[in-house]
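The first residue of the sequence shown is numbered 1, and numbering continues consecutively from there. These numbers come from the heavy atoms of this one structure, side chains and all, not from hydrogens, waters or symmetry mates.
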Amino acid sequence: MFTAFWLSLDAGHLSFHQAIAQTGGYALQFGGSGIAAPGLDRVLIPLDAPARPVDIGATDFTIEFWLKAMPGENTGVAACGSNDGWITANTVIDRDIFGEGDYGDFGIAVSGSVIAFGVSVGAEGTTLCGSRVVVDGQWHHVAAIRRLDGFMQLFIDGEPDGSVQSVAGDASYRDNRSTINPADPYLVFGAEKHDAGLLLDPPDVTAYPSFSGLLDEVRLSTTARYIAAFAPPTTPFVTDGATAALYHFDAGPIGACTGVVVDASGAVGGPSDGVCAYGGASTGPVYVTDTPFGETPPTATNTPVPSTATNTPVPPTATNTPVPPTATNTPVPPTATNTPVPPTATNTPVPPTATNTPVPPTATNTPAPATPTNPATPTATTTPGGTIPPIETGTPVGEGTPTEYAPTPTASPCLFIASPSATPPAGDTLEQPEWWLYLPFVRQEPPCVTNIP
């Protein structure tokens, strides 16, 4: 847990504020005990005497939270499109007023497998029912928007889930109002706050049922935060200037919630702390560690990758292992083209009696350049194995092995040279073939007479 402090100037008065951010990683689980346990299995947050910031409704507002419920545990059904029609479903958040009241009221409930959101001003109002399933054993982000002009909208997991135009006006709880029901000046989580089924004649313990499931990160704001699809939060809420109340439910420890439920908003005029009313047949609410942002399971991407994953050192057969002796980065054996040519090869100076080129009688024997028939220059594939960086693309070992070598000649071409001891007859020149001798063309082969067709 950590605490932040700041000062503000309100109506000429310097005010001190404190925001408490809890980081215990808990959520609250409600048992759905309902009116079978009047006043229990719920969280109660005072609205009035003195007035608290959590009393939203006089401006645009947003109520958002994370919810998780199992199929079959919430069987109530809302009267969609009706004034106060949400109270017959399983109540998650209740800011109802007993009777028609003077300003207004609102509430959010699970109706079958979807969310129902109702707002009334006096005797008028409606209930908006969504269509996206939230009762499936998974965490879902729910946001309910109401503008002062009466426009209402639902978002589930950041996606629009219906909207409606309803009655305009102030839907807050009027300060210092009188009431015949002591539950009126409270905001309640997890149950219909009046246990109104007990007031029926005859009493009906199945009427106005409570919520069975988990609730976390409840934030009430004095603005319409969302108008189009958005990415749902991936971390707990952080307070800002529009936050009227914020409940992380992180006090813990695991087990019964019997103490204060802290408002971490730091809103002016707050805090709007609440209290757990623990009990009922299902003994709720209780702190649990199942949260929307809890520990990621072992298969998730932020868990160390198992031994077969790509960020584990590659096993000996992988492509970044030194290439075995048969791979292309092993020095080429002596028979390969990069073996030094023996003394009789073309890269040895030609003996004085021979040249590689037709030489006029006065010419001298110039050593044949080493390049004409020098074997193919070794390619990069003959680099010693240690210099080749690991190949991360998964190229199979040996794929780069050279398949082409300098072809083995089948016959050695010959060069011609004039006999140094003969003088051509008059009228003849060195260009006449009868004055040429045949010498082998610097290769390791028999004299060229055996290779000339």
Side-chain angles (χ1 to χ4, degrees), residues 26-47 54 65-78 84-99 105-112 115-116 118 134-135 137 173 179-216 218 247 249 251-262 272-290:
Y26 297 99
L28 276 184
Q29 181 168 354
F30 298 88
S33 296
I35 59 176
L40 301 178
D41 195 7
R42 66 198 69 187
V43 172
L44 299 100
I45 302 168
L47 300 169
V54 72
F65 52 88
W66 286 87
L67 174 145
K68 179 179 179 179
M70 300 301 295
E73 293 185 358
N74 296 276
T75 58
V77 178
D84 291 333
W86 51 271
I87 64 173
T88 56
N90 293 82
T91 301
V92 179
I93 295 179
D94 188 8
R95 223 249 53 213
D96 192 12
I97 292 175
F98 194 76
D105 55 14
F106 54 80
I108 301 174
V110 169
S111 177
I115 291 294
V134 297
V135 180
Y173 187 87
T179 177
I180 62 172
N181 192 301
D184 264 357
Y186 288 90
L187 174 71
V188 173
F189 300 155
E192 191 279 311
K193 66 182 182 180
H194 298 108
D195 295 313
L198 296 177
L199 304 178
L200 299 176
D201 187 18
D204 183 358
V205 295
T206 64
Y208 315 119
S210 299
F211 170 63
S212 176
L214 283 74
L215 191 63
D216 201 8
V218 178
Y247 305 96
F249 302 135
I254 295 174
C257 176
T258 57
V260 173
V261 175
V262 176
S272 301
D273 291 344
V275 62
C276 276
Y278 173 77
S282 301
T283 57
V286 295
Y287 287 110
V288 295
T289 56
D290 182 358

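- With hydrogens and angles ignored, the 3.5 Å screen pairs no side-chain donor or acceptor of N90 with any backbone N or O of A109.
- Nearest heavy-atom pair, V54 versus S272, reported as atom, atom and distance to 0.1 Å: N-OG, 3.2 Å.
- D204 pairs by the salt bridge (Lys or Arg N to Asp or Glu O under 4.0 Å) definition with nothing, not counting sequence neighbours.
- In this structure, CZ in F189 is found 5.0 Å from CD1 in I93, a value given to the nearest 0.5 Å.
- For F65, there are no ring pair (Phe, Tyr, Trp, His ring centres under 6.0 Å) partners, not counting sequence neighbours.
- Residues P209 and T88 share a closest heavy-atom pair of CD-O, 3.6 Å.
- For the atom pair D290 CG and Y26 OH, the distance stands at 13.5 Å (nearest 0.5 Å).
- Looking at heavy atoms from C-beta onward, L47 lies out of side-chain contact with I45 at the 4.5 angstrom threshold.
- Note on residues 276-285: no pairs pass salt bridge (charged side-chain N to carboxylate O under 4.0 Å, His left out), not counting sequence neighbours.
- Here OH of Y208 is found 5.0 Å from CD1 of I87. Values are rounded to the nearest 0.5 Å.
- Residues in residues 85-94 take part in no salt bridge (charged side-chain N to carboxylate O under 4.0 Å, His left out) pair, two or more places apart or across chains.
- Just one of L28, L187, L215 meets the side chain to side chain contact (heavy atoms under 4.5 Å, CB included) condition when paired with V43; it is L28.
- Here the CD-OG1 distance, from Q29 to T289, works out to 10.5 Å after rounding to the nearest 0.5 Å.
- Pairing each heavy atom of Y287 with each of A251, the nearest pair is OH-CB, 3.5 Å.
- With sequence neighbours left out, D105 forms a side-chain contact (heavy atoms from CB on, under 4.5 Å) with D84, R95, D96, I97, S120.
- Between the N74 side chain and the F211 main chain, no donor and acceptor come within less than 3.5 Å of each other.
- In this structure F106 satisfies the ring pair (Phe, Tyr, Trp, His ring centres under 6.0 Å) test together with F61, sequence neighbours excluded.
- Separation of atoms NE2 (H194) and CG (L199) is listed at 9.0 Å; rounding is to 0.5 Å.
- Contacts of S33 classified as side-chain hydrogen bond (donor to acceptor under 3.5 Å, both in side chains), with partners at least two apart in sequence or in another chain: D41.
- Considering only residues two or more places apart in sequence or on other chains, T283 meets the side-chain hydrogen bond (donor to acceptor under 3.5 Å, both in side chains) condition with none of them.
- In this structure, the separation between CH2 on W86 and CD1 on I115 is 12.5 Å, given to the nearest 0.5 Å.
- Among residues two or more places apart in sequence or in another chain, the side-chain contact (heavy atoms from CB on, under 4.5 Å) test is passed with I180 by F98.
- Here S212 pairs with E73 under the side-chain hydrogen bond (donor to acceptor under 3.5 Å, both in side chains) rule; sequence neighbours left out.
- Closest approach of P46 to L44, counting heavy atoms only: CD-O, 4.0 Å.
- Pairs engaging residues 182-195 under the salt bridge (charged side-chain N to carboxylate O under 4.0 Å, His left out) rule: R42-D195, R177-D184 [sequence neighbours left out].
- Heavy-atom minimum distance, A78 versus S111: N-OG, 2.9 Å.
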Please list, one pair per line, the donor and acceptor atoms closer than 3.5 Å that link side chains of residues 273-282 to other protein atoms, with sequence neighbours excluded.
from: D273; atom 1: OD1; to: D263; atom 2: N; distance (Å): 2.8
from: S282; atom 1: OG; to: G31; atom 2: O; distance (Å): 3.1

